[in-house]
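The next block holds one structure in the form of structure tokens; read it before the comments.
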Amino acid sequence: MTLTMEDKQAKNRLLKARADMVLNHPFFASLAMRLTLTEDRTCRTAWTDGKTFGYNPDYINMLPREKLVGLSAHT
């Protein structure tokens, strides 16, 4: 599967949000970093099953950075 530029941007934004959490919220970062990032255009926003963090890249790309950090911590 070839990722589009939009898909790559969404994944990079999620990785940067995780990096932000390491400094500011290490406990939640340690949990979030265990999840495998998986693009899922069938969902509107994002989901997790405890092992995978599924996300719609369109949704991820529209979120401001601080909301993206919050979403990553919430999962």
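Here the structure is a predicted model, which is why all the values come from computation and not from measurement.
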(message) Checking the side chain of R18 only, and the main-chain atoms of A32 only, is there a donor and an acceptor separated by less than 3.5 Å?
(response) yes

(message) Quick test of your reading: applying side-chain hydrogen bond (donor to acceptor under 3.5 Å, both in side chains), list the pairs with at least one residue in residues 22-37, sequence neighbours left out, ordered by first then second residue.
(response)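 For residues 22-37, and leaving out neighbouring residues, there are no side-chain hydrogen bond (donor to acceptor under 3.5 Å, both in side chains) pairs at all.
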
(message) Count I, L, V, M, F, W, Y as connected when their side-chain heavy atoms are under 4.5 Å apart, and connections chain through other members. Are M62 and F53 then in the same cluster?
(response) yes

I need the [X] [atom1] to [Y] [atom2] distance, nearest 0.5 Å.
| X | Y | atom1 | atom2 | answer |
| --- | --- | --- | --- | --- |
| K16 | K11 | NZ | NZ | 14.0 Å |
| R13 | L68 | CZ | CG | 5.0 Å |
| L35 | T48 | CG | OG1 | 4.5 Å |

(request) Start with the C-alpha gap between E66 and D20, add the side-chain angles, then the distance that decides, and say whether side-chain contact (heavy atoms from CB on, under 4.5 Å) holds. (result) CA-CA 9 Å; E66 59 276 355; D20 286 352; over 6 Å; no

(message) Let's go through T52 and W47 carefully: what are the C-alpha distance in whole Å and the side-chain angles of both, what is the deciding distance for side-chain contact (heavy atoms from CB on, under 4.5 Å) to 0.1 Å, and is it a yes or a no?
(response) CA-CA 8 Å; T52 304; W47 58 268; 3.8 Å; yes

(request) List the steps and the verdict of salt bridge (Lys or Arg N to Asp or Glu O under 4.0 Å) for R44 and D58. (result) CA-CA 9 Å; R44 286 185 37 207; D58 296 329; over 6 Å; no

Compare every heavy atom of [Y] with every heavy atom of [X], then report the nearest pair and how far apart it is.
| X | Y | value |
| --- | --- | --- |
| L14 | S72 | CD2-OG, 4.1 Å |
| L15 | L37 | CD2-CD1, 3.8 Å |
| D7 | P57 | OD1-CG, 3.3 Å |
| Y59 | T45 | CD2-CA, 3.6 Å |

(request) Under 4.5 Å between side-chain heavy atoms, chaining through other members, with only Ile, Leu, Val, Met, Phe, Trp and Tyr counted: pull out the rest of the cluster around F27, sorted by chain and number. (result)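 ILVMFWY cluster around F27 also holds M21, F28, L31, V69.
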
(message) List the residues meeting side-chain hydrogen bond (donor to acceptor under 3.5 Å, both in side chains) with N12, not counting sequence neighbours, and say none if there are none.
(response)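 Residues passing side-chain hydrogen bond (donor to acceptor under 3.5 Å, both in side chains) with N12: none at all.
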
(request) Determine, step by step, whether D40 and T38 satisfy the side chain to side chain donor-acceptor pair (under 3.5 Å) criterion, reporting the C-alpha distance in whole Å, the side-chain angles of both residues, the deciding distance to 0.1 Å, and the verdict. (result) CA-CA 6 Å; D40 181 0; T38 303; over 6 Å; no

